[in-house]
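Below: one structure, written as structure tokens.
The basis for the numbers below is simple: all heavy atoms, side chains too, and nothing from hydrogens, waters or symmetry mates.
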Amino acid sequence: MASLSLRHIYKKYPGGVTAVSDFNLEVKDKEFLVLVGPSGCGKSTTLRMIAGLEEITEGELYIGDTLVNDVAPKDRKIAMVFQNYALYPHMTVYENMAFALKLNKTPKSEIKQKVEEAARILDITHLLERKPKALSGGQKQRVALGRAIVRNPRVFLLDEPLSNLDAKLRATMRTELTKLHNRVGTTFVYVTHDQVEAMTMATRIVVMKDGLIQQVDTPQHLYDYPVNLFVAGFIGTPQMNFINGTLEKKGEDVYFNFEQESVKLPAEKAQAPELADYIGKEVTVGVRPECLHDDPASLNLHVDSTITANVEVTELMGAEIYLYLKVGEETNLTARVPNHSQSKAGEEVKIALDATRFHIFDVDTERCILH
């Protein structure tokens, strides 16, 4: 088992393209770390540098206490699981899982023991004599994981391993991967563009954009305390609502004005010293869909932060309904409300905003001023 240390890592390609910039990260032993971000943000490039499949332009990479910049991939004691599984079609599942051990001239009895143990962990013992063409997507994924497990790696690297699976199987495999991590007790570094995968599996998440780390934190802390607009909008489904408006002070109270609406900020936010320089200026307020309510109890509770909106579309999601709202001329909002909501498309409704859950961002820098 091993920790990872990435110190001032850069990846620059010919022509002046920088894929990863000044990447600094300490990955703890046995951690499940997820790199998440949109396509082209540098997350897969970072993973491939850890694996040794991409050369590091600048910086130092340590696995445990060993500097591995110039160590060949096969000698790094890591195992990588790819998006396309990369199974040998002419070999059985057993032979696919045993292949790397055979190359290392591992004794046959040890190979048998390791393959059977990995197959038992992954519940694929009954598949060992099949060829890949006779397997489903989920079964191929388990075989690819099994091939990695038998090598007893110090670090597992997984590059979007669930993206080829259908939605139901993806949800099942998320749970299976978490169980697997708990069982094998190895460091996992996992790359995905799917923030649901990141939120459900990670012990910590690294959010990346344009080759730069935006924030590193636990899933809950990322959700509750995003450092900037990008992280706030990337983490969470449906995405956080963003409203542009101005802050106005009336006596001791501070109001957030947008369109024709005025929302009173709670005292603890109104008196926060961070807001002092923003009175009379434009800011962006972020509020999550679950903090918008249309029920009478919430309307009474948040009477100072109730607005009028038009319901454009409703989506029944089973246990809840998504309301797509229009406020004034330009502001679109999404509310996540219980499935007994009476709001209907085409109606004008009152919506209570939970202003205690507002995130306030600087319009120019996009940094969060106040949670």
Side-chain angles (χ1 to χ4, degrees), residues 1-6 9 25-35 43-56 60-88 91 93-107 110-124 140-162 173-174 176-192 197 201-204 206:
M1 307 310 114
S3 57
L4 280 172
S5 181
L6 293 89
I9 300 283
L25 187 65
E26 298 293 325
V27 185
K28 302 182 192 83
D29 186 23
K30 301 181 183 176
E31 186 168 20
F32 198 130
L33 186 96
V34 176
L35 303 178
K43 55 190 186 296
S44 288
T45 303
T46 302
L47 197 76
R48 291 173 65 83
M49 285 192 285
I50 295 170
L53 303 176
E54 291 273 4
E55 200 173 306
I56 295 170
E60 296 178 330
L61 171 65
Y62 289 84
I63 298 178
D65 297 323
T66 310
L67 180 66
V68 296
N69 285 46
D70 299 319
V71 175
K74 67 183 177 62
D75 299 323
R76 293 190 182 193
K77 293 192 177 173
I78 51 97
M80 192 156 177
V81 178
F82 296 93
Q83 180 178 342
N84 61 0
Y85 319 134
L87 301 177
Y88 296 110
M91 293 183 182
V93 166
Y94 183 97
E95 290 165 341
N96 264 286
M97 290 170 68
F99 187 68
L101 299 177
K102 280 184 180 174
L103 285 184
N104 288 339
K105 299 190 166 48
T106 307
E110 190 180 332
I111 291 176
K112 185 171 187 293
Q113 182 243 321
K114 285 188 171 183
V115 170
E116 288 177 352
E117 172 65 9
R120 185 187 62 75
I121 288 171
L122 293 162
D123 194 23
I124 53 172
K140 288 176 184 173
Q141 183 60 76
R142 286 168 196 249
V143 175
L145 288 165
R147 189 175 52 189
I149 290 170
V150 297
R151 296 174 57 197
N152 196 25
R154 294 194 292 171
V155 181
F156 267 95
L157 305 177
L158 300 102
D159 191 5
E160 306 221 19
L162 308 184
M173 285 304 296
R174 283 203 306 264
E176 292 301 319
L177 277 172
T178 305
K179 287 183 191 169
L180 176 64
H181 173 252
N182 293 336
R183 276 201 295 264
V184 300
T186 308
T187 308
F188 276 45
V189 182
Y190 187 104
V191 159
T192 181
E197 285 180 22
M201 294 194 292
T203 49
R204 276 194 309 158
V206 180

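Contact detail for Ala2 and Gly64: the closest heavy-atom pair is CB-N, 4.1 Å. Closest approach of Ala118 and Gly146 over heavy atoms only: CB-O, 4.2 Å. Here the closest heavy-atom approach between residue Ala148 and residue Pro153 is recorded as O-CD, 3.3 Å.
Under the salt bridge (Lys or Arg N to Asp or Glu O under 4.0 Å) criterion, Lys77 pairs with no residue, sequence neighbours left out. For Arg151, the salt bridge (Lys or Arg N to Asp or Glu O under 4.0 Å) test picks out no residue, with sequence neighbours left out. With sequence neighbours excluded, no residue forms a side-chain hydrogen bond (donor to acceptor under 3.5 Å, both in side chains) with Thr46. Taking the salt bridge (Lys or Arg N to Asp or Glu O under 4.0 Å) definition, one finds that Lys74 meets it with nothing, sequence neighbours left out. With sequence neighbours excluded, no residue forms a salt bridge (Lys or Arg N to Asp or Glu O under 4.0 Å) with Lys140.
Glu95 is not listed as a side-chain neighbour of Tyr88, based on a closest heavy-atom distance of 4.5 Å or more. Leu47 is not listed as a side-chain neighbour of Tyr190, based on a closest heavy-atom distance of 4.5 Å or more. The side-chain heavy atoms of Leu122 and Val143, taken from C-beta on, include no pair separated by under 4.5 Å. Contact annotation: the side chain of Leu158 never approaches that of Met201 to less than 4.5 Å [non-hydrogen atoms, C-beta and beyond]. Thr187 places none of its side-chain heavy atoms less than 4.5 Å from the side chain of Phe32. The closest side-chain heavy-atom distance from Ile50 to Met80 is not below 4.5 Å. Between Val155 and Thr186, every side-chain heavy-atom pair lies at or beyond the 4.5 Å cut-off. Under the 4.5 Å side-chain criterion, counting only non-hydrogen atoms from C-beta, Val34 is not in contact with Val189.
Separating the CZ atom in Arg142 from the CD1 atom in Ile121 is a distance of 12.5 Å, to the nearest 0.5 Å. Residue Asp123 holds its CG atom at 8.0 Å from CD of Glu176, rounded to the nearest 0.5 Å. In this structure, CG in Leu53 is found 8.5 Å from CG in Leu157, a value given to the nearest 0.5 Å. The OG1 atom of Thr45 lies 11.0 Å from the CG atom of Leu35; values are rounded to the nearest 0.5 Å.
The closest donor-acceptor contact from the side chain of Asn69 to the backbone of Leu61 lies under 3.5 Å. Put simply, the side chain of Thr178 gets close to the backbone of Arg174: a donor and an acceptor are under 3.5 Å apart. With hydrogens and angles disregarded, no donor-acceptor distance shorter than 3.5 Å links the side chain of Asp159 to the backbone of Val191. In this structure a side-chain-to-backbone donor-acceptor pair under 3.5 Å is missing from Arg147 to Val81. No donor-acceptor pair under 3.5 Å is formed between the side chain of Thr106 and the backbone N or O of Ile111.
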Exercise. Evaluate the side-chain contact (heavy atoms from CB on, under 4.5 Å) criterion for residues Leu177 and Leu162: first the C-alpha distance (whole Å), next the side-chain angles of each, then the deciding distance (0.1 Å), finally the verdict.
Key: CA-CA 10 Å; Leu177 277 172; Leu162 308 184; 4.0 Å; yes
Check: Stepwise, does the side-chain contact (heavy atoms from CB on, under 4.5 Å) test hold for Ile149 with Phe156?
Finding: CA-CA 9 Å; Ile149 290 170; Phe156 267 95; 3.6 Å; yes
TODO: I would like to know whether Arg76 and Ile63 meet side-chain contact (heavy atoms from CB on, under 4.5 Å); could you show each step before the answer?
DONE: CA-CA 8 Å; Arg76 293 190 182 193; Ile63 298 178; 4.1 Å; yes
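By the 4.0 Å N-to-carboxylate-O rule, Arg204 lies close enough to Glu31 to be salt-bridged with it.
If you check the side chains of Glu26 and Ser5, you find a donor sitting under 3.5 Å from an acceptor. A donor atom on one side chain and an acceptor atom on the other are not found under 3.5 Å apart for Glu160 and Thr192.
Among pairs with a residue in residues 111-121, those fulfilling side chain to side chain donor-acceptor pair (under 3.5 Å) read Glu110-Lys114, Lys112-Glu116, Glu117-Arg120, at least two apart in sequence or across chains.
Using cut-offs of 30° and 60° for the angle between ring planes, the His181 and Phe188 rings count as perpendicular.
The environment of Asn182 atom CG is dense: over 12 non-hydrogen atoms of other residues, nucleotides or ligands sit within 6.0 angstrom.
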